Amino acid sequence: MESFGTRLHRAITERGPLCVGIDPHPGLLAQWGLPDDVQGLDRFSRTVVEALGDRVAVVKPQSAFFERFGSRGVAILESTIRQLRDAGSLVLLDVKRGDIGSTVSAYASAYLDPSSPVYVDAVTASPYLGVGSLAPMFELAAEHSGGVFVLALTSNPEGAAVQRAVTADGRTVAQTVIDEISQLNRGASPLGSFGLVVGATIGDTGHDLSGVGGPLLAPGLGAQGAGAADLRTVFGSSLASVLPSYSREVLSAGPDVAALRAAADRVLVDCRAVLPAR
């Protein structure tokens, strides 16, 4: 199979630079007129897949909103992943896992081994037990042509205390994460399979993203406060690697399928106006 970076580059070229989340939190289910139960979860997820699965480059289910319903919710997540694959979308599972030893290896097997029922194209991961602790994820992703997006500079205000702390060599913690992921992508073309998560609301980062060589996932757009134009400030010369991510800005247009598609088309136009053609 082609590498995740290659598949992502092609998907963005064909469908445009856009990732849309599936975040069925209670308030959004209520807004759609759906019950806050597994039936509402299933209806919500199927509607998003119907509306966007065959037209958006990447769809990002947030695992927590499925897990809160236990095994029945996870079964719906498994079904949603299959439906998205059948529709031709790449699936990025937002799980933000991070651990050590056999535990992180188990997480890697759960999401990045094709034999798993929750196998996806890529996952999000937390590096704050050390980037090296995620090695089993990186290794299994490379073996099975998957991807990993590692948290670097997040939008939440609490994150700065850790991410911008200065290490003994003078770099921030975030810059060490950026540099280590850059090493994993060295020599990859047209795009590396290991990405970073950098919030679209954080303004000028003061960090060097120019050598990453992989995708830069930019959440925080739309309802969370950032607009497409803010990507210029955050990413500067690295705009060509950015994958903008929207959730509520698009999802709040539901449950009408046509309205969801129109909302996704609208934000895609905004992103294309800012990002270089690919």
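Just so we're clear, the structure is a prediction, and the values are computed from it rather than from any experiment.
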Closest approach of [X] and [Y], non-hydrogen atoms and distance?
{"X": "G53", "Y": "L84", "result": "CA-CD2, 4.2 Å"}
{"X": "V234", "Y": "G199", "result": "CG1-O, 3.8 Å"}
{"X": "S133", "Y": "P136", "result": "O-CD, 3.5 Å"}
{"X": "A218", "Y": "V242", "result": "CB-CG1, 4.0 Å"}
{"X": "A152", "Y": "L196", "result": "CB-CD2, 4.0 Å"}
{"X": "V48", "Y": "W32", "result": "CG2-CH2, 3.9 Å"}

Item to check | Evaluation steps, side-chain contact (heavy atoms from CB on, under 4.5 Å), between R85 and Y119 | outcome: CA-CA 10 Å; R85 285 187 176 281; Y119 166 66; 3.2 Å; yes

Tell me the side-chain hydrogen bond (donor to acceptor under 3.5 Å, both in side chains) pairs involving [range], sequence neighbours left out?
{"range": "residues 208-220", "result": "D208-S210"}
{"range": "residues 140-152", "result": "none"}
{"range": "residues 243-261", "result": "D23-S247"}
{"range": "residues 189-204", "result": "S155-T201"}

[atom1]-[atom2] distance between [X] and [Y], expressed to the nearest 0.5 angstrom:
{"X": "L209", "Y": "S182", "atom1": "CG", "atom2": "OG", "result": "8.0 Å"}
{"X": "D86", "Y": "D54", "atom1": "CG", "atom2": "CG", "result": "12.0 Å"}
{"X": "D169", "Y": "Q175", "atom1": "CG", "atom2": "CD", "result": "10.0 Å"}
{"X": "L29", "Y": "Q39", "atom1": "CG", "atom2": "CD", "result": "11.5 Å"}
{"X": "N156", "Y": "Q224", "atom1": "CG", "atom2": "CD", "result": "10.5 Å"}
{"X": "L153", "Y": "T205", "atom1": "CG", "atom2": "OG1", "result": "6.0 Å"}

Next on the checklist: I'd like to know if the side chain of S79 pairs up with that of Q83 as donor and acceptor (distance under 3.5 Å, no hydrogens or angles considered).
Outcome noted: yes

Checklist entry - Quick one: do the Q163 and T154 side chains pair a donor with an acceptor below 3.5 Å? => result yes

Are the side chains of [Y] and [X] in contact, using a 4.5 Å heavy-atom criterion?
{"X": "Q62", "Y": "K96", "value": "yes"}
{"X": "D121", "Y": "R7", "value": "yes"}
{"X": "P244", "Y": "C271", "value": "yes"}
{"X": "V123", "Y": "R97", "value": "no"}
{"X": "L93", "Y": "T124", "value": "no"}
{"X": "V150", "Y": "L134", "value": "yes"}
{"X": "S63", "Y": "L77", "value": "yes"}
{"X": "V56", "Y": "C19", "value": "no"}

[X], [atom1]: over 12 other non-hydrogen atoms inside 6.0 angstrom:
{"X": "L129", "atom1": "CG", "answer": "yes"}
{"X": "R43", "atom1": "CZ", "answer": "no"}
{"X": "R68", "atom1": "CZ", "answer": "yes"}

Next on the checklist: If the condition is ring pair (Phe, Tyr, Trp, His ring centres under 6.0 Å), which residues does Y111 pass it with, not counting sequence neighbours?
Outcome noted: none

Applying a strict under-4.5 Å side-chain criterion to I, L, V, M, F, W and Y, I'd like to know whether [X] and [Y] cluster together.
{"X": "F65", "Y": "L251", "result": "no"}
{"X": "V74", "Y": "V95", "result": "no"}
{"X": "L28", "Y": "L52", "result": "yes"}

Checklist entry - Would a distance-only check, ignoring hydrogens and angles, find a side-chain to backbone donor-acceptor pair under 3.5 Å from D113 to S116? => result no

Checklist entry - Backbone N or O of K60 within a donor-acceptor pair of the D94 side chain at under 3.5 Å? => result no

Next on the checklist: Please determine whether side-chain contact (heavy atoms from CB on, under 4.5 Å) holds for the pair R55 and S89, giving the CA-CA distance in whole Å, both sets of side-chain angles, and the decisive distance to 0.1 Å.
Outcome noted: CA-CA 7 Å; R55 57 201 296 136; S89 176; over 6 Å; no

Tell me every residue that passes side chain to side chain contact (heavy atoms under 4.5 Å, CB included) with [X], counting only those two or more places apart in sequence or in another chain.
{"X": "L268", "value": "P17, L18, R272"}
{"X": "R232", "value": "A229, L239, V274"}
{"X": "P190", "value": "T6, H9"}
{"X": "S45", "value": "I22, L41, F66, I76, T80"}

Checklist entry - Rest of the hydrophobic cluster containing V58 (Ile/Leu/Val/Met/Phe/Trp/Tyr, side-chain heavy atoms under 4.5 Å)? => result F4, L8, I12, L90, L92, Y128, F149, L151, V162, V173, L191, V197, L217, L243

Checklist outcome for this item: So the ring pair (Phe, Tyr, Trp, His ring centres under 6.0 Å) pairs with at least one residue in residues 73-109 (sequence neighbours excluded) are none

Next on the checklist: So, using salt bridge (charged side-chain N to carboxylate O under 4.0 Å, His left out) as the criterion, who are the partners of D42 when residues are at least two apart?
Outcome noted: R46

